[in-house]
Each structure stands twice: as structure tokens, then as C-alpha cells.
Amino acid sequence: MNSPVYLDNAATTPLDERVFDAMLPYLRGARGNPSSLHGAGADAREAIEAARGHVAAMVGASPEEIILTSGGTEADNLALFGLARSAPPDKCHAVVSKVEHAAVREAAKRLEADGFEITWLGVDEYGMVDAREFSASLRDDTAFAAVMWANNEVGTIQPTMELAGICAERSIPFHSDAVQAAGRVGMDVGESLVSTLALSAHKVYGPTGAGALYVREGVEVSPILFGGGQENGLRSGTENVAAIVGFGEAARLAREEMAERAAHEGELRDLIIAGATEVPGVRLNGHPERRLSNNVHLTVDGVEAESLVLMLDALGYAVGKGSACSSSGHKASPVLEAMGQSEAEAFSALRVSTGKENTLEEVEGFLGAFAGCIERLRELSPIQAS
Ligand code: PLP
């Protein structure tokens, strides 16, 4: 059963009805394998190529630079392992920020376990990477660097253009995880010199299980999946046509409606920030200005986030815990730690993320419920509050 008011859009967004309608024919009747020679195969191929064009347009890429994947996680893995494996043997060092999503962080840890040297780049109290420190961490044997476009927990937007420019000057491939930023932040790979960019459909009102890796023309990436050689040999496996069509439509709509969506969710975000931080012992995390239009990340002193999430859920409000490690593990994520927060603070963190379908009434209702739940939880657990 879903909470009637959904304020967890950073975790996943609801499927847009228009996206669903675009996918339906490919779920229902259309059966062709896009690699088949017959008409049904050609229809499926045509649908995939149209979708690829929309995904490319969302980030200012050309369609040939888009490798369709099963989602953001696979795109990040393909970038990290693909860049590492295609690097010359004397380049076995990488720079990776400490605030990356697990899809990048865990892939980098795997490279580290396999003998790669990783410089884990720190951030300031707002979760921002320092461009000078970044530059100083690059070496002659650096195979690639990875810093996400915007953080999924605290919403901080990194100086991606600057970081990518620094890498481009030194001919070091630069990967950016843009899963949260795409469709919210204007993004043009013509201007920002990123080498690879990870994207995911279900953060932009598309289906889960579809994503893409942008690979700039001329950048070498080795495959991590082997088989039929689809996607230019970079991603073998029969394409998920319906999901790809959904991603294409979601990307087309995201591009068309970005300004309107960002203004709407940003207005609701600001109302939540203003209202929530009026409650004593509640403060905002992440950068005050350079933050995603849908992200509110709060520390609620004296309250365990899990209890707050469950209590709000019981009242009909779906929000996220602010410290995501794994889907079930009770462990603080490294993001808040990298920002200098204690584990106790991390367990009191809540993420509220707005979306295009939220309303002012929902936000007002949420703020009332939020204040009430905090009061009740602090009453129930006065020791924690002291
Ligand atoms: N990167 C970031 C920043 C994310 O927020 C997520 C999803 O939460 C991912 C990668 C993984 O994407 P997917 O769920 O499509 O595998």
C-alpha cells in the first residue's frame, strides 16, 4: 500500500502516464528482437533509435555517444571498470570523491581490491569538492577521475564544468554520475567536458531498469558484459525495448518540461526547508544554494530517522531516511561522514524530495505532520533529546 503523499522522489519517481502509454505497445504486442532482420525486428530497432535520440538530446550528446544500459548502477560500473580496463598498464590510479553513490563507490572499492590505487577525495561541510584539491590529486598515472554531478543524499551540486575542464586539459577521462542531476540541471556535454556520464530513467518519471552511459566520441571504454555485441559491443544483451522506449519518452519530456518542473519542485522544496527548520533542533544539510531543486536534507536532533520515517508513513507521508547505505543495512552512509558529521547525526537525518506531481496542500500537510511526529518522538524518547 502506498502512502498517499509521496515525497521520496530522489529514491524513485512515479511513472509518468505519458511514458506508460508510450511503453504499452511494446509490452503488449510488439515482439520483435531489434537484432532480427524481419519487419518486427526493424520496428523494435526503430523505436530504440528514436529513444536513443531523446536520451542524447537531454544531455546535448549525439545518439552514437549513448550506450543503453539496465540503469544507473550498470552505467556507473561500465564507466569505472571500462575506463580502468582500457587505460594503459602504467596508469593504475584513480581519483574518486568520498560522496559518490554506492554504484560508483563500490565499483571503485572493487578496483582498489584488484590493485588499483584510489585517492578518495574529501568534501567540505556542504558536501562540495574543492577544485584545487581535485586538481592536486591528479597524477601522471591517473587513469580516470569520478565526481558525481549532484549528490543523491544531500543534493549538493558539484562544480562539474570546472572539474571536467581540469581533467580535459590533462587528457584524463572524467566520469560524472548524473543520475540525480539529469532533467533538473541544464546539462550540455558540448560545454561540460565530461568523458562519461551515467543516467537513469526512473529518476525522471521513466521506468526502472533502464539507463544509459554517455561516452564522448574518442573516449575508450572496455565492455564489462560480453555476448551478442549489442550497443556497439559495449553492452551485450537483447535490448529491453519497452523500458528503453519509456526512457526515451521520459527524457524527451524531461527536456521539454525541465524549467517548469524545476521551478515547481524548487518552490515546494523551499517551503519545506523554511517550515521544517522552524522546528527547534532541525537543520538543513547540504549546500544552501548549490542544491538540487527537489532536495531537502535535514538533521532532526534527538530523533531517530527510522522512527520518524515510519511514523510519517503511518500518517500517509512517504519520505526517505537521510543516510542511505544499503536498502536494508543499518549503517550510516559515508556521505555525511565525509561532511564531518558524526554517526549519531547521520542516524537523525531525513531526506524529503519533491516532484512534479506534489502540491502545496501536500507540503502544508507534511509540515504539520513532521512537527507533530518530532514532538511525539521526543516525548517518547526524552533521553535522546537531551
Ligand atoms: N547514482 C545515483 C546518484 C543514484 O541516486 C542512483 C539511484 O538511486 C544510482 C546511481 C543508481 O541508479 P539505478 O537505480 O538506475 O541503478
Side-chain angles (χ1 to χ4, degrees), residues 6-15 19 55 58-59 66-82 96-110 123 127-129 146-158 160 175-185 187 194 196-214 224-225 235 237 240 243-244 246-248 250-251 254 286 291-297 318-329 333-336 338 349 351-355:
Y6 185 76
L7 285 164
D8 198 13
N9 290 278
T12 192
T13 47
L15 190 71
V19 171
V55 173
M58 180 170 70
V59 297
I66 296 295
I67 308 301
L68 297 163
T69 67
S70 67
T73 300
E74 189 191 321
D76 280 325
N77 273 255
L78 175 56
L80 265 72
F81 291 112
V96 179
S97 95
K98 284 186 180 172
V99 295
E100 295 300 301
H101 184 273
V104 168
R105 187 176 64 243
E106 295 302 319
K109 279 194 195 163
R110 167 54 57 186
V123 292
M128 288 275 282
V129 160
V147 178
M148 69 203 313
W149 203 298
N151 186 261
N152 49 298
E153 290 182 35
V154 297
T156 300
I157 299 172
Q158 300 294 347
T160 308
H175 172 64
S176 183
D177 176 339
V179 166
Q180 293 284 342
R184 298 210 154 75
V185 176
M187 200 169 280
V194 295
T196 54
L197 198 66
L199 304 167
S200 175
H202 75 104
K203 309 290 183 176
V204 287
Y205 306 93
T208 41
L213 184 70
Y214 156 78
I224 55 172
L225 289 180
R235 204 281 177 175
N240 183 351
I244 291 169
F247 187 18
R291 74 183 303 127
L292 286 171
S293 50
N294 67 342
N295 177 288
V296 182
H297 192 278
V319 300
K321 264 195 310 176
S323 180
C325 184
S326 65
S327 50
S328 54
S333 89
V335 175
L336 295 178
R351 183 183 66 185
V352 185
S353 43
T354 57

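Each ligand, and each atom within it, is numbered from 1 in the order the structure gives.
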Colleague: What heavy-atom pair brings A349 and H297 nearest, and what distance separates the two atoms?
Modeller: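 Minimum heavy-atom contact is CB-CE1, 3.6 Å.
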Colleague: So which bit of D76 gets within less than 4.0 Å of ligand 1, heavy atoms only: side chain, backbone, both or neither?
Modeller: side chain
Colleague: How far is atom 8 (O) of ligand 1 from its nearest protein heavy atom, and which residue and atom name does that atom have?
Modeller: K203 NZ, 2.6 Å
Colleague: Counting from 1, what ligand 1 atoms have a heavy atom of G71 closer than 4.0 Å?
Modeller: 15 (O)
Colleague: Would you indicate which of R105, H202, M148, H101 comes nearest to atom 9 (C) of ligand 1 when only heavy atoms are counted?
Modeller: H101
Colleague: I'd like to check whether E74 has a polar contact with ligand 1, where a contact means an N/O of the residue lying under 3.5 Å from an N/O of the ligand.
Modeller: no
Colleague: List the closest protein heavy-atom neighbour of atom 1 (N) of ligand 1: residue, atom name, distance to the nearest 0.1 Å.
Modeller: D177 OD2, 2.6 Å
Colleague: Among all protein heavy atoms, pick out the one at the shortest distance from atom 11 (C) of ligand 1; state its residue, atom name and that distance to 0.1 Å.
Modeller: T73 OG1, 3.4 Å
Colleague: Sequence neighbours left out, what passes salt bridge (Lys or Arg N to Asp or Glu O under 4.0 Å) with K109? Give chain and number order.
Modeller: E106
Colleague: How far is atom 13 (P) of ligand 1 from its nearest protein heavy atom, and which residue and atom is that?
Modeller: G72 N, 3.5 Å
Colleague: Quick check on contacts: which atoms of ligand 1 are under 4.0 angstrom from a heavy atom of S200?
Modeller: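 Near S200, the atoms of ligand 1 are 13 (P), 15 (O).
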Colleague: Any donor-acceptor pair under 3.5 Å linking the side chain of Q180 with the backbone of A10?
Modeller: yes
Colleague: Within the side chain of D177, is there an N or O that forms a donor-acceptor pair under 3.5 Å with the backbone of H101?
Modeller: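 The answer is no, because no donor-acceptor pair under 3.5 Å joins these two groups.
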Colleague: Is the backbone N or O of A178 less than 3.5 Å from a side-chain atom of S176, with the two atoms forming a donor-acceptor pair by type?
Modeller: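 Answer holds: no.
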Colleague: Checking the side chain of N151 only, and the main-chain atoms of T156 only, is there a donor and an acceptor separated by less than 3.5 Å?
Modeller: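 Looks like no, no N/O pair under 3.5 Å.
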Colleague: Has the side chain of K321 got a donor or acceptor atom that lies under 3.5 Å from a matching backbone atom of R351?
Modeller: no
Colleague: Closest non-hydrogen protein atom to atom 5 (O) of ligand 1, residue and atom name please, with distance?
Modeller: Q180 NE2, 2.8 Å
